2 protein chains.
Amino acid sequence: MSPKVNNQYKRNKELEILQSAKNVFIRKGYLKATMQDIIVEAGISRGAIYSYFNNIEHIFEELLKLEDEKDIIYFEIEGLSSFWDQLIEWIRLQQRNIVSTNNKFLLCKTEFFLTKHLQSNKTYNPYVIKRYERLVSSITNFIDRGIEKKEIYPLKSSKAIALYIISFLDGLMLDTFNLGMEVTEVNDQIDVVIFTLENILCPIK
Amino acid sequence: MSPKVNNQYKRNKELEILQSAKNVFIRKGYLKATMQDIIVEAGISRGAIYSYFNNIEHIFEELLKLEDEKDIIYFEIEGLSSFWDQLIEWIRLQQRNIVSTNNKFLLCKTEFFLTKHLQSNKTYNPYVIKRYERLVSSITNFIDRGIEKKEIYPLKSSKAIALYIISFLDGLMLDTFNLGMEVTEVNDQIDVVIFTLENILCPIK
DNA sequence: ATTAAAATAGACATTGGTGTCGTTTTTGAT
DNA sequence: ATCAAAAACGACACCAATGTCTATTTTAAT
């Protein structure tokens with residue numbers, strides 16, 4: 001009688017596999033990546049990997065969860081600076097993400113959601129919706145706090161403005177990925193959107 | 001001695017196959033669609049289809065060309081109404097496209113470009129760039145005509161505004177497809193973007 | 001009606017991946 | 001050192017799709 005093996009070990013191996021998988025996804029995209037690829041990248045055997053994950057879709061979903069854990073929603077941190085400064089800082093952060101090359105995995109996510117949805121007809125993925133709504137409410141609440149603190153006097157509803165910002169950034173991200181930042185002129189566009197936000201949020205001074 | 005067969009016939013068959021292919025793409029998405037599917041949908045033999053197209057990527061590219069022929073760029077038609085009315089009318093058209101289900105093929109295109117780019121690393125697709133720039137310059141020129149006619153007094157460059165509009169609509173399209181129009185609240189967002197355009201274009205009256 | 005080229009059919013070999021399963025190795029409690 | 005359970009291995013049977021190739025049918029000019 002002697003049941004076996006460490007508990008932390010399994011989790012580590014799992015994370016190791018997920019990291020290898022991420023490399024593969026970034027290199028090949030979601031749909032073109034194969035179990036084979038991940039097996040090679042992780043330097044593990046077929047049998048082993050299947051004892052951790054059922055299939056490649058499962059792996060991607062676990063990876064998503066993992067990334068979400070890391071994902072600190074910026075606006076949930078109570079800011080020290082003014083509303084406007086914090087907003088602009090966040091937009092600049094997004095700008096840097098769009099331009100940098102580590103948006104690759106972001107694009108894999110887009111591919112994943114897109115193809116998943118294109119297959120399983122008509123039904124929207126509740127997980128994706130939850131993610132989106134979390135971001136929306138985090139920005140909405142941020143705007144609401146700005147109103148409470150009397151730093152802004154928005155001319156449209158907080159939520160509509162939040163949704164608007166997200167759409168714009170998603171579109172800019174997608175187009176820039178497909179076309180390059182020279183073609184989409186990211187900086188000019190960000191400049192425009194900041195201008196429009198000033199007009200719609202009406203920050204004091 | 002007697003060479004053979006009608007010439008128009010071939011083209012018709014080609015168009016027929018492309019239409020079937022489009023149905024398949026809409027139903028399954030680009031990457032999940034197979035030659036098999038198209039063969040069945042078109043009710044044609046394996047041998048026949050391969051005498052028209054080399055592979056499924058080839059089919060999709062031909063389909064793209066075909067769709068582009070149909071694609072009338074709205075702004076290239078000289079409008080009868082005022083600048084502002086014409087702009088709003090176009091945005092409403094986009095709004096309807098986003099909400100309607102025939103954005104499915106639009107999403108297949110996105111999937112195609114995305115995965116194509118995710119594979120062939122780093123290099124942007126010149127065809128996609130051409131398409132994008134055509135749209136950009138068509139909107140830009142439209143705005144410029146508005147300026148000439150003294151109907152608007154924009155506070156940012158025409159091109160930056162054009163790019164901004166496209167990004168926003170692309171993002172809204174993508175998110176709405178993935179999440180549904182109830183979640184993205186399309187109408188409210190369109191309302192916001194029109195408001196911002198009024199502030200940035202400064203139409204007379 | 002004949003005929004040769006073109007168009008179509010569908011069987012086939014091949015490829016590239018999947019998930020399973022029996023075997024071997026490793027693990028850590030005793 | 002022993003031992004049973006857990007973990008890892010990798011061969012394998014299977015599947016779905018591809019593109020090719022030979023045979024058959026259709027076409028329209030003669």
Side-chain angles (χ1 to χ4, degrees), chain A residues 1-21 23-25 27-63 108 111-112 115-116 118-120, chain B residues 1-63 108 111-112 115-116 118-120:
Chain A
M1 69 275 309
S2 37
K4 282 309 121 37
V5 170
N6 191 316
N7 46 0
Q8 184 60 16
Y9 177 88
K10 276 230 114 180
R11 180 60 182 165
N12 282 347
K13 199 89 192 182
E14 213 169 285
L15 292 176
E16 221 176 294
I17 294 172
L18 288 177
Q19 181 54 51
S20 300
N23 294 340
V24 172
F25 288 132
R27 180 151 29 87
K28 303 190 64 178
Y30 168 66
L31 268 170
K32 288 279 172 172
T34 68
M35 273 298 207
Q36 207 74 306
D37 294 326
I38 299 172
I39 285 165
V40 172
E41 175 86 18
I44 203 179
S45 80
R46 201 159 193 80
I49 206 169
Y50 273 95
S51 83
Y52 289 91
F53 304 99
N54 305 326
N55 50 47
I56 206 164
E57 188 177 344
H58 183 195
I59 292 183
F60 196 89
E61 281 164 358
E62 289 305 311
L63 198 47
C108 285
E111 191 194 2
F112 175 76
T115 51
K116 189 136 199 231
L118 270 163
Q119 293 162 239
S120 65
Chain B
M1 67 277 307
S2 38
K4 283 306 124 35
V5 171
N6 191 316
N7 46 0
Q8 183 61 15
Y9 177 87
K10 277 230 115 182
R11 181 58 181 164
N12 282 347
K13 199 92 192 178
E14 214 169 286
L15 293 177
E16 221 176 293
I17 294 171
L18 288 178
Q19 182 53 52
S20 300
K22 189 176 175 185
N23 295 340
V24 172
F25 288 132
I26 286 173
R27 178 151 29 88
K28 303 191 62 177
Y30 168 65
L31 270 169
K32 288 281 172 171
T34 69
M35 272 298 207
Q36 206 74 306
D37 295 327
I38 300 172
I39 286 165
V40 172
E41 174 87 19
I44 203 180
S45 81
R46 202 160 193 80
I49 206 170
Y50 274 96
S51 84
Y52 288 92
F53 304 99
N54 304 326
N55 50 48
I56 205 165
E57 187 178 345
H58 183 196
I59 292 183
F60 196 89
E61 282 163 358
E62 290 304 311
L63 198 49
C108 284
E111 191 193 3
F112 176 76
T115 50
K116 190 139 199 225
L118 269 164
Q119 292 162 241
S120 67

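Predicted, not measured: the structure shown is a model, and the values here were computed from it. Labels below follow one simple rule: chain letters A, B, ... track the order of the sequence lines, proteins then strands, and each chain is numbered from 1.
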**Fill in**
Scanning both residues in full, the closest heavy-atom pair of B:Phe112 with B:Glu61 reads CZ-CG, 4.0 Å
**Fill in**
Rounding to 0.5 Å, atoms CZ (A:Phe60) and CD1 (A:Ile38) come to a distance of 10.0 Å
**Complete:** From NZ of B:Lys10 across to P of D:dA28 the rounded distance in Å is 14 Å
**Prompt:** Distance check: side-chain N/O of A:Ser45 vs OP1/OP2 of D:dA8, anything under 4.0 Å?
**Reply:** no
**Request:** Rounded to the nearest 0.5 Å, what's the gap from OH on A:Tyr50 to CE on A:Met35? Could you check?
**Result:** 4.0 Å
**Complete:** To the nearest angstrom, the OH-P distance between B:Tyr9 and C:dA7 comes to 9 Å
**Message:** I need a per-nucleotide contact map over nucleotides 17-22 of chain D, read 5' to 3'. Cutoff is protein heavy atoms under 4.0 Å; write B for the base, S for backbone only, - otherwise.
**Reply:** SBBB--
**Message:** Regarding A:Phe53, tell me which of base, sugar-phosphate or nothing describes its non-hydrogen contacts under 4.0 Å with the strands shown.
**Reply:** nothing
**Message:** Considering every strand and a 4.0 Å limit on heavy-atom distances, what is the contact class for B:Ile49: base, sugar-phosphate, or nothing?
**Reply:** nothing
**Prompt:** Does the side chain of A:Asn12 come under 3.5 Å of the side chain of A:Glu16 through a donor N or O and an acceptor N or O?
**Reply:** no
**Item:** Rounded distance (Å) that lies between atom P of C:dA6 and atom CZ of B:Arg11
**Value:** 20 Å
**Asked** Between atom CD in B:Gln8 and atom P in C:dA7, what is the gap in whole Å?
**Response** 13 Å
**Item:** Gap between atoms CG and P, on A:Asn12 and D:dA6 respectively (whole Å)
**Value:** 19 Å
**Request:** Output yes when a side-chain donor or acceptor of B:Asp37 lies under 3.5 Å from a complementary backbone atom of B:Thr34, and no otherwise.
**Result:** yes
**Message:** In whole Å, I'd like the distance from the CD1 atom of B:Ile44 to the P atom of C:dG10.
**Reply:** 12 Å
**Atom-pair distance (CD1 on B:Ile39; P on C:dT8), nearest Å** = 13 Å
**Prompt:** Measuring from A:Ile49:CD1 to A:Gln36:CD, what's the distance to the nearest 0.5 Å?
**Reply:** 10.0 Å
**Request:** In whole angstrom, give the distance that lies between atom CG of B:Leu31 and atom C1' of D:dA16.
**Result:** 16 Å
**Asked** When rounded to the nearest 0.5 angstrom, what distance separates NZ in B:Lys22 from CD in B:Glu41?
**Response** 12.5 Å
